[in-house]
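The structure appears below as structure tokens.
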Amino acid sequence: MAMVTSQSSSKASRVGSVRSFALSDGNSFYCSCERVFDPRLARVPVIVLSNNDGCAIARTPEAKALGIRMGEPWFKIRQLCRSEGVRVYSSNYALYGDMSSRVNEVYRRFSPRIEVYSIDESFVDLSDVRETERAELARDMRETVRKWTGIPTCVGIGPTRTLSKLANHIAKKHPELGGVCDLTDEQERAAWMGLIPMQEIWGVGPATARKLEAAGCDSVADVRDLDPRMARKSMTVVGERLVYELRGIACLDLETVAPTRKGCAVTRSFSDRVEDLAVMEQAVAAHASRLAEKLRAQALGTDHVTIFFHTSEHDRDGPQRSVSTVVTLPEASNDGLVLLKAAKFGVRRIWRDGYRYSKAGIISTDLVPLEASQRALIGAFDRERGGALMDAVDACNRRFGRGAVVSAAAGLERERSWSTKFEMRSPRYTTRLDEMPVVAAC
DNA sequence: TCTGGGGTCCTAGGACCC
DNA sequence: TCTGGGGTCCTAGGACCC
């Protein structure tokens with residue numbers, strides 16, 4: 001079998017042998033997390049809003065039935081939610097992240113090889129499970145997750161990652177399957193593929209869908225039957241792999257060990273527009289501190305950061321401006337004070353009065369393991385002192401909660417006029433002692 | 001008259017994902 | 001009034017090198 005990959009790769013060592021993947025994901029995951037801790041939410045419409053309470057990013061079936069779409073802005077659905085009694089929550093990532101790791105702990109009991117693909121989805125390798133036993137194992141896994149964490153899931157099984165995603169899609173759309181769909185059988189698979197529109201394929205977005213349409217594709221089966229060479233011509237190696245994956249030939253293997261992160265960013269929309277340099281400095285400084293924290297958690301560093309801010313396209317009347325600048329450091333660092341200083345420097349460099357800025361951020365690409373990074377001959381940071389200080393800051397924040405110790409330059413909570421809205425956040429039940437649910441037994 | 005060939009690295013931009 | 005945040009991969013094209 002020809003390896004369909006853009007670069008020679010040895011990690012797909014098992015590619016070619018018969019594989020089986022299960023994709024398990026949490027149903028309306030964020031909403032389900034909220035339901036675990038509040039039984040009153042069962043069977044009523046629930047939605048969770050994005051950062052800044054901007055738009056709906058998770059909806060229970062009851063909320064979907066009311067016509068609330070994915071990504072719909074909050075201000076457009078507020079009335080509907082009020083009149084229909086929809087329970088609305090701000091994002092509570094501390095809770096969702098913790099619930100996610102609990103769910104993954106359960107998956108690990110069913111297979112030694114799992115890939116945590118996103119906060120609510122994981123691939124589970126079932127290659128060593130007998131074909132006839134896979135669906136049963138999936139049902140068992142699903143029940144165990146439900147019992148131990150309270151999260152409802154759906155599982156799709158297939159010989160490639162793409163087909164397991166497709167199976168998962170079917171499991172979700174067809175409740176009569178009991179939350180598990182196994183596409184191992186070729187005939188059964190072919191029947192389903194003829195029924196599902198190609199837009200549902202994992203990896204097909206609007207641009208690819210237009211190309212596929214032009215090529216006469218309507219269903220998933222049509223894409224499977226494309227000539228792989230033609231697919232490569234119009235859709236690059238990504239398109240060619242897609243065709244093979246749909247044919248049951250695995251081109252993508254599991255990443256069971258999370259690869260070192262390549263980039264990291266902290267960006268936020270402001271709750272109110274920012275027109276003042278001092279406020280912008282404070283906001284970006286806070287983002288920089290947070291970025292440094294994220295890098296420290298993974299022992300990574302960066303020797304340059306991009307600072308950006310821009311106005312909003314939705315402010316039709318005002319003048320528009322979008323700027324960015326790269327600030328280079330003498331050597332890689334993850335010291336909060338170093339990145340904060342770089343951030344403020346960058347902001348001042350590109351600041352211009354007279355605009356109503358809506359969003360700002362700090363981005364770092366090309367992360368390096370800090371210990372292995374090249375030291376500067378001139379301008380090296382005092383890593384011993386800086387590192388000890390940051391260790392102490394991290395320890396305090398772990399113990400007393402994020403934000404317990406911050407740089408004054410990044411602003412205290414109460415003076416942050418720019419900060420993000422979380423007006424309807426539920427308690428962080430599982431990660432904060434003071435927000436733990438209290439149960440009375442009598 | 002006539003001006004190589006092949007490689008790497010970097011960046012920007014497009015596309016897609018959750 | 002009000003429209004999220006944070007990632008990955010791939011390609012083309014330019015700079016540069018020998």
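Predicted model only: the values in this text are computed from it and were never measured. So you know, we letter chains A, B, ... as the sequences are listed, proteins then strands, and number each from 1.
Within a 6.0 Å sphere centred on CZ of A/R109, other residues, nucleotides and ligands contribute 12 heavy atoms or fewer.
Using a 4.0 Å heavy-atom distance criterion, A/K211 is classed as making no nucleic acid contact. Backbone-only engagement by A/T208 is indicated by non-hydrogen atom pairs under 4.0 Å involving sugar-phosphate atoms exclusively. In this structure, A/D53 reaches neither bases nor backbone, as no heavy-atom distance under 4.0 Å exists between it and the strands shown. Among the protein residues, A/E121 comes within range of the sugar-phosphate backbone only, with heavy atoms under 4.0 Å from sugar or phosphate atoms but none that close to a base. Using a 4.0 Å heavy-atom criterion, one finds that A/K294 contacts the sugar-phosphate atoms exclusively.
Side chain of A/E72 to backbone of A/R69: a donor-acceptor contact under 3.5 angstrom is found. Distance alone, capped at 3.5 Å, is enough to place a donor-acceptor pair between the A/N334 side chain and the A/L300 backbone.
Under the rule for a side chain to side chain donor-acceptor pair (under 3.5 Å), the partners of A/R229 that lie at least two apart in sequence or sit in another chain are A/D227. A search for side chain to side chain contact (heavy atoms under 4.5 Å, CB included) contacts involving A/C81 returns A/I47, A/I68, A/W74, A/I77, A/V86, A/V88, not counting sequence neighbours. In this structure A/S20 satisfies the side chain to side chain contact (heavy atoms under 4.5 Å, CB included) test together with A/L126, A/R134, A/I157, sequence neighbours excluded.
Extent of DNA chain B lying under 4.0 Å from chain A heavy atoms, first and last nucleotide in 5' to 3' order, is B/dA15 to B/dC18.
Interface residues of residues 199-206 of chain A facing DNA chain B, ordered by number: A/I201, A/W202, A/G203, A/V204, A/G205, A/P206; criterion, heavy-atom separation under 4.0 Å. Near DNA chain C, meaning a heavy atom under 4.0 Å away, the residues from residues 66-84 of chain A are A/P73, A/F75. Within residues 256-289 of chain A, the residues approaching DNA chain C are A/R261, A/K262, A/G263, A/C264, A/A265, A/V266, A/T267, A/R268, A/S269, A/R273, by heavy-atom distance under 4.0 Å.
Each of A/Y107, A/W202, A/F21 was scored for a ring-ring contact (aromatic ring centres under 6.0 Å, His included) with A/Y117, with one residue passing: A/W202. Paired with A/E62 under the rule salt bridge (charged side-chain N to carboxylate O under 4.0 Å, His left out), one option of A/R35, A/R43, A/R87 passes, and it is A/R35.
Sequence neighbours left out, the pairs with a member in residues 257-290 of chain A that pass ring pair (Phe, Tyr, Trp, His ring centres under 6.0 Å) are A/H287-A/W418. Among residues at least two apart or in separate chains, salt bridge (charged side-chain N to carboxylate O under 4.0 Å, His left out) pairs with a member in residues 422-431 of chain A are A/R428-A/E435. Residues in residues 148-162 of chain A take part in these salt bridge (charged side-chain N to carboxylate O under 4.0 Å, His left out) pairs, two or more places apart or across chains: A/E115-A/R161. Sorted by first and then second residue, the salt bridge (charged side-chain N to carboxylate O under 4.0 Å, His left out) pairs with a member in residues 197-226 of chain A form an empty list; sequence neighbours excluded.
Distance noted for atom C1' between B/dG4 and C/dC16: 16 Å (whole Å).
In this structure, A/Y96 and A/Y93 have perpendicular ring planes: the angle between them is above 60°, well past the 30° mark. The aromatic rings of A/Y429 and A/F37 sit parallel, their planes meeting at an angle under 30°, below the 60° perpendicular limit.
Atom-to-atom distance recorded for A/T162:OG1 and A/L23:CG is 10.5 Å, nearest 0.5 angstrom.
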DNA chain C in dot-bracket, Watson-Crick or G-U pairs under 3.5 Å, [ ] crossing, | other strand? ....||||||||||||||
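No side-chain donor-acceptor contact under 3.5 Å links A/N51 and A/S91.
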